[in-house]
Amino acid sequence: MSPSRVLVLNSGSSSVKYQLLDMRDSSRLAAGLVERIGEETSRLRHTPLARGGETREWNAPVADHEAALKAVSQELAKDGLGLDSPELAAIGHRVVHGGQTFTEPTVVDEAVLAEIERLIPVAPLHNPANLTGIRTAQALRPDLPQVAVFDTAFHTTMPESAARYAIDVRTADEHRIRRYGFHGTSHAYVSRATAKLLGKAPEEVNVIVLHLGNGASASAVRGGKCVDTSMGLTPLEGLVMGTRSGDADPAVIFHLARVGKMSIDEIDTLLNKKSGLVGLCGDNDMREIRRRIDEGDARAQLAFDIYIHRLKKYIGAYCAVLGTVDAIAFTAGVGENAAPVREAAVAGLEILGLAVDGERNAVRSDEPRLISPEDARVKVAVVPTDEELEIATQTYALVGR
Ligand code: AMP
């Protein structure tokens, strides 16, 4: 039998998340996470899903990504799923920034690694960790195809009118400044799954995808192809997020530097880590914000209102970009779980053909579902995202025999 397993790796600067899938039926065999790599308090959590096994967890120092991946391999081996297994077909890596070069998932070779490295200046937080993950996996299984699946790839179909900022062209090109967009794997998966929910082919529908997690982004997808998205050169632009500001006048930065005497690094930290919901009300978990609102907390209410106001503006903008819209789809942690966010985001948008049915919206489910009234002109959907499955599917399509 030909190998049918794909290991999906998402390597961050101090963490590695992984899932092992069997692509014969897209089932999940194992999933886990190594956190706080390089610290004394590293932690590994591993769940052998295939056998309904119990989650195993341990705390012990994990020095680097190589040690982390070895630890993952050992845990997998305990269930007969080790990295040395002949049933492993490939390793699929989430890579955050593929620039304009990578429009599709790509089998990794030296030239691909060099290009991912060349893109580090536009993704200084993410690409170095992704590269480390790939190199470490290569060292452990040099014979195995490693596939890079890029967060930006789905957005490379955007027209220049959406992808370019109105900045002096030569300066922008010299520094590769343009809208790249992120969460592409999720936007691709959810826009396709939404078409399926409507009983149509992706080419037949226009969809607005609202990926609302701790990071958040919106995209306008025409006939299966992205035509605009809210994140930009980096994941900072667009919607209000857990800790990121999203859109703000760029002059805020000059002002903080000149008048506030803050350094560029301090401003970077302020806008990426201390803003968004956490900056507005001290909490970035929507559950906690809703709980505080229920208790009459005015700061939490204002944070929620700012979050919704921004979301509404993007829904309206992408209706205008697309002209006709078949569906808007809510996904990720907030989008899938927070009924009040979905209700508030769509409230008052009847003029755009949008409405939410209260009872349908209140239903909890892990399945893709419609929450708009039966006769709605534009469908409103909740479509759980599955980035790991999408990475595994794209990886296997490249290497599966
Ligand atoms: P993600 O980045 O997609 O994992 O989303 C994480 C975020 O989802 C958390 O920070 C929460 O704000 C939000 N979230 C998760 N579960 C719920 C829930 N039941 N209700 C509201 N928000 C939730």
Side-chain angles (χ1 to χ4, degrees), residues 8 10-19 28 31-33 35 45 47 94 96 125-126 151 181-191 193 209-219 229-231 234-236 238-246 272-295 297 299-308 310-311 329-346 356 358 360-369 371 381-391:
V8 176
N10 182 352
S11 306
S13 56
S14 65
S15 70
V16 174
K17 281 191 211 139
Y18 61 94
Q19 282 195 11
R28 251 162 272 253
L33 167 72
E35 288 176 295
R45 204 173 55 204
T47 309
R94 174 180 185 222
V96 167
L125 297 178
H126 297 102
D151 247 21
F182 299 88
H183 291 145
T185 312
S186 177
H187 287 284
Y189 177 87
V190 171
S191 57
V209 178
L210 303 169
H211 176 111
L212 310 178
N214 200 26
S217 63
S219 69
T229 194
S230 60
M231 284 178 167
T234 77
L236 180 56
L239 300 172
V240 176
M241 311 185 207
T243 66
R244 296 183 204 132
S245 63
N272 272 299
K273 305 223 167 103
K274 298 183 181 170
S275 296
L277 292 171
V278 91
L280 289 167
C281 74
D283 271 309
N284 60 342
D285 192 315
M286 193 52 82
R287 284 163 289 203
E288 186 57 19
I289 291 171
R290 290 302 313 174
R291 196 192 56 73
R292 285 173 54 188
I293 290 172
D294 289 344
E295 286 177 354
D297 185 319
R299 265 179 79 207
Q301 182 69 58
L302 180 60
F304 185 82
D305 292 347
I306 294 169
Y307 183 95
I308 296 297
R310 186 83 51 84
L311 199 49
F330 287 90
T331 194
V334 176
E336 291 167 30
N337 297 299
V341 168
R342 298 190 297 253
E343 184 188 335
V346 170
V356 158
R360 288 180 168 187
N361 190 31
V363 173
R364 295 201 148 269
S365 161
D366 294 333
E367 295 299 315
R369 58 199 183 274
I371 56 168
V382 181
V383 178
T385 193
D386 196 337
E387 291 169 270
E388 288 79 13
L389 175 60
E390 180 69 15
I391 291 172

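Ligands are counted one by one from 1 in listed order, and the atoms in each one are counted from 1 as well. By convention here, the first residue in the shown sequence is residue 1. All heavy atoms count here, side chains included; hydrogens, waters and symmetry mates do not.
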(Q) Could you check whether any side-chain N or O of T185 sits under 3.5 Å from a backbone N or O of E387, counting only pairs where one atom can act as donor and the other as acceptor? (A) no

Q.
Does ligand 1 come near enough to H211 that some N or O of the ligand is less than 3.5 Å from an N or O of the residue?
A. no

Q. Which atoms of ligand 1 are found less than 4.0 Å from any heavy atom of G213?
A. 1 (P), 2 (O), 3 (O), 5 (O)

Q. Going by the atom numbers of ligand 1, which of them fall below 4.0 Å from some non-hydrogen atom of D285?
A. 11 (C), 12 (O)

Q: Measure across V334 and Y307 and return the closest heavy-atom pair with its distance rounded to 0.1 Å.
A: CG1-OH, 3.7 Å

(Q) When you compare the side chains of S14 and E35, does any donor N or O come within less than 3.5 Å of an acceptor on the partner? (A) no

Q.
Can a side-chain donor-acceptor contact be found between D305 and Q301 if the only test is distance below 3.5 angstrom?
A. yes

Q.
Is it the case that the side chains of H211 and S217 hold a donor-acceptor pair, with the cut-off being a distance below 3.5 Å and no angle test?
A. no

Q: Do me a favour and list the nearest non-hydrogen protein atom to atom 23 (C) of ligand 1 with residue, atom name and distance?
A: G333 O, 3.7 Å

Q.
At under 4.0 Å between heavy atoms, is it the side chain or the backbone of N284 that contacts ligand 1, or both, or neither?
A. backbone

Q: Identify the two heavy atoms, one from S365 and one from R369, that lie closest to each other, and give their separation to 0.1 Å.
A: O-NH1, 2.9 Å

Q: Around atom 19 (N) of ligand 1, find the nearest protein heavy atom and jot down its residue, atom name and distance.
A: N337 CB, 3.4 Å

Q.
Starting from atom 20 (N) of ligand 1, what is the nearest protein heavy atom, named by residue and atom, and what distance separates them?
A. R287 CG, 3.2 Å

Q. Which atoms of ligand 1 sit under 4.0 Å from any heavy atom of V334?
A. 8 (O), 12 (O), 13 (C)

Q: Could you please spell out the steps behind the salt bridge (Lys or Arg N to Asp or Glu O under 4.0 Å) verdict for R291 and E288?
A: CA-CA 5 Å; R291 196 192 56 73; E288 186 57 19; 2.5 Å; yes

Q | Closest non-hydrogen atom pair, T385 against T331 | A | N-OG1, 3.0 Å

Q.
Out of all atoms in ligand 1, which are within 4.0 Å of some heavy atom of A332? Include the element for each.
A. 3 (O)

Q) So, is L212 polar-close to ligand 1, with some N/O to N/O distance under 3.5 Å? A) no

Q | Counterpart residues, side-chain contact (heavy atoms from CB on, under 4.5 Å), relative to M241 (two or more places apart) | A | A216, M231, R244

Q. Starting from atom 2 (O) of ligand 1, which protein heavy atom do you reach first, and at what distance in Å?
A. N214 N, 2.9 Å

Q: Determine, using heavy atoms of R364 and all atoms of ligand 1, whether some pair is separated by less than 4.0 Å.
A: yes

Q.
Suppose we measure from atom 12 (O) of ligand 1 to each protein heavy atom; which comes out shortest, and what is that distance?
A. M286 N, 2.8 Å

(Q) Please report whether ligand 1 has a polar contact with A338, defined as an N or O pair separated by less than 3.5 Å (distance criterion only). (A) no

